[in-house]
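We're numbering straight along the sequence, starting at 1.
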Amino acid sequence: MKKLFLFALMLLMTGMGAIACSGLPHNLSPRDKGNDSSPEGMYGTETSSGSGQQLDLTDFNSIQCSGAADVFFTQAADYAAVAEDPDQMLKRCEVKDNNLIIETKKNKGSVKKPRIFLWAPTLQQLSVSGVCTFTTEDLRADQLTFNLSGVSNVRFRNLSCTELISHESGVCKVQGHIEGKWVELRCSGVSKDSLDIASDDLRLNTSGSSKLQIIFKGSNVTVDNSGSTKVDMNVDCQQLTVSNSGVSKVTVSGTARNKTINNSGAARVDTSRLK
């Protein structure tokens with residue numbers, strides 16, 4: 001009788017756990033540590049503790065996050081959202097005109113940043129300011145725009161899109177692999193990007209004191225570099241065009257069938273390892 005009671009209790013607890021996660025599409029629960037479908041899985045970081053609150057957030061294709069928060073995004077057929085906010089720092093989390101707005105209170109002490117887990121079919125725009133991170137694994141989009149400022153950190157494994165334009169100011173960091181027809185990075189302030197890019201065209205416009213590491217394979221690369229920015233590129237392309245000014249430095253290695261280099265002031269372009 002005792003064994004029968006324990007078995008029935010285990011079944012009841014399992015059923016309750018399934019009900020608690022039923023609102024998440026395709027059983028993508030952030031509670032599943034190590035699950036590859038978790039947006040954190042590729043980095044091996046700690047997953048949700050299971051104490052999160054499900055939020056009724058649907059019909060959004062852009063995200064605007066300000067304050068201090070960690071956002072984890074998974075592309076899925078359905079919408080779902082889970083928030084972990086033990087110190088009740090979330091001030092606003094709502095959808096307006098297809099834009100998901102996440103805003104936190106001012107941090108007046110040692111508190112934990114809210115963690116927001118999101119599932120949605122598509123993403124067209126990401127705007128991040130304050131001290132925020134955005135993490136995703138595989139993301140497919142047609143046209144995608146990043147507006148990054150403050151202390152922003154964007155991480156992804158694979159990003160596939162027709163067009164990506166990334167506006168970066170403040171202390172920004174973008175990491176991952178990009179595939180697309182057109183990629184444009186507009187970096188000012190102190191950007192620290194590490195990107196592997198395969199596209200028809202790459203346009204890189206940098207200023208301030210950015211530090212960029214780029215691996216590129218495709219047709220055309222155009223670099224307009226100024227300020228005190230440092231760019232380290234490895235390329236395999238048809239056309240390389242570099243315009244360098246200020247006290248900036250561009251180091252290019254790899255292979256370029258044709259190249260045009262314009263240098264002025266104290267700026268430097270190192271092509272000693274370029275074939």
For the pair [X] (side chain) and [Y] (backbone), establish whether a donor and an acceptor sit closer than 3.5 Å, ignoring hydrogens and angles.
X: Lys259; Y: Leu274; answer: no
X: His177; Y: Asp196; answer: yes
X: Gln124; Y: Leu144; answer: no
X: Asn244; Y: Arg268; answer: yes
X: Asn98; Y: Asn61; answer: no
X: Ser226; Y: Thr206; answer: yes

Report the C-alpha distance between Leu212 and Leu204 in whole Å, list the side-chain angles of each, state the deciding distance to 0.1 Å, and finish with yes or no for side chain to side chain contact (heavy atoms under 4.5 Å, CB included).
CA-CA 10 Å; Leu212 311 176; Leu204 184 58; 3.7 Å; yes
Evaluate Ser166 against Leu148 for side chain to side chain contact (heavy atoms under 4.5 Å, CB included), listing each step before the verdict.
CA-CA 8 Å; Ser166 182; Leu148 311 177; 4.3 Å; yes
Do [X] and [Y] have side chains that get closer than 4.5 Å, going by heavy atoms?
X: Leu159; Y: Leu164; value: yes
X: Leu123; Y: Leu139; value: yes
X: Thr271; Y: Leu240; value: no
X: Leu118; Y: Val71; value: yes
X: Val174; Y: Leu195; value: yes
X: Arg157; Y: Asp138; value: yes
X: Ile197; Y: Lys217; value: no
X: Ser264; Y: Ser245; value: yes

Separation between [atom1] of [X] and [atom2] of [Y], rounded to the nearest 0.5 Å:
X: Asp193; Y: Ser210; atom1: CG; atom2: OG; answer: 7.5 Å
X: Glu163; Y: Gln143; atom1: CD; atom2: CD; answer: 4.5 Å
X: Met233; Y: Thr251; atom1: CE; atom2: OG1; answer: 11.0 Å
X: Ser219; Y: Asp200; atom1: OG; atom2: CG; answer: 5.0 Å
X: Asn153; Y: Thr135; atom1: CG; atom2: OG1; answer: 7.0 Å
X: Thr241; Y: Asn258; atom1: OG1; atom2: CG; answer: 9.0 Å

Minimum-distance pair of heavy atoms, taken over all atoms of [X] and [Y]:
X: Phe73; Y: Thr122; value: CZ-O, 4.2 Å
X: Met89; Y: Lys106; value: CE-O, 3.8 Å
X: Thr229; Y: Ser207; value: OG1-O, 3.2 Å
X: Gln88; Y: Lys105; value: O-NZ, 3.2 Å

Tell me whether the rings of Phe72 and Phe117 are parallel (<30°), tilted (30 to 60°) or perpendicular (>60°).
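Because their plane-to-plane angle is under 30°, the rings of Phe72 and Phe117 count as parallel.
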Checking side chain to side chain contact (heavy atoms under 4.5 Å, CB included) for the pair Ser243/Asn225: CA distance, chi angles, key distance, verdict?
CA-CA 6 Å; Ser243 177; Asn225 199 31; over 6 Å; no
Would Glu168 and Ser191 count as a side chain to side chain donor-acceptor pair (under 3.5 Å) here? Give the steps.
CA-CA 7 Å; Glu168 304 173 26; Ser191 290; 3.1 Å; yes
Flag yes if Ile102 and Val95 sit in one hydrophobic cluster, no otherwise; membership is Ile, Leu, Val, Met, Phe, Trp, Tyr, and two members link when side-chain heavy atoms are under 4.5 Å apart.
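Ile102 clusters together with Val95.
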Report yes or no: do Val235 and Ile261 belong to one cluster of Ile/Leu/Val/Met/Phe/Trp/Tyr joined by side chain heavy-atom distances under 4.5 Å?
yes
For Ser194, give me all partners under side chain to side chain donor-acceptor pair (under 3.5 Å), at least two apart in sequence or on another chain.
none
Checking Ile116 against Leu90 for the side chain to side chain contact (heavy atoms under 4.5 Å, CB included) test, could you report, in this order, the C-alpha distance in whole Å, the side-chain angles of both residues, the deciding distance, and whether it holds?
CA-CA 10 Å; Ile116 316 296; Leu90 271 177; 3.8 Å; yes
Taking it one step at a time, do Glu184 and Arg203 satisfy salt bridge (charged side-chain N to carboxylate O under 4.0 Å, His left out)?
CA-CA 5 Å; Glu184 185 172 349; Arg203 301 295 175 95; over 6 Å; no
Carefully, step by step, assess Thr162 and Asp142 under the rule side chain to side chain donor-acceptor pair (under 3.5 Å).
CA-CA 5 Å; Thr162 303; Asp142 184 13; 2.9 Å; yes
Arg257 vs Asp236, test: salt bridge (charged side-chain N to carboxylate O under 4.0 Å, His left out). Steps then yes/no.
CA-CA 9 Å; Arg257 283 71 178 174; Asp236 182 358; 2.7 Å; yes
List, one per line, each side-chain donor-acceptor pair under 3.5 Å for residues 63-70, sequence neighbours excluded.
from, atom 1, to, atom 2, distance (Å)
Gln64, OE1, Asn99, ND2, 3.0
Asp70, OD1, Lys113, NZ, 2.9
Asp70, OD1, Thr133, OG1, 2.7

Residue pair Ser272 / Asp270, side-chain donor-acceptor N/O under 3.5 Å
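There is such a pair between these side chains.
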If you measure only the distance, is there a donor-acceptor pair under 3.5 Å linking the side chains of Ser253 and Asn234?
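The criterion, which ignores hydrogens and geometry beyond distance, is satisfied for Asn234 and Ser253.
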For the pair Tyr79 and Phe60, evaluate ring-ring contact (aromatic ring centres under 6.0 Å, His included) and give the outcome as yes or no after the intermediate values.
CA-CA 9 Å; Tyr79 293 95; Phe60 62 88; 5.3 Å; yes
Audit row: Ser209, Ser228, side chain to side chain donor-acceptor pair (under 3.5 Å) steps and yes/no:
CA-CA 5 Å; Ser209 300; Ser228 59; 2.9 Å; yes
List the residues meeting ring pair (Phe, Tyr, Trp, His ring centres under 6.0 Å) with Phe216, not counting sequence neighbours, and say none if there are none.
none
Among Lys91, Arg92, Lys96, the one residue meeting salt bridge (charged side-chain N to carboxylate O under 4.0 Å, His left out) with Glu94:
Arg92
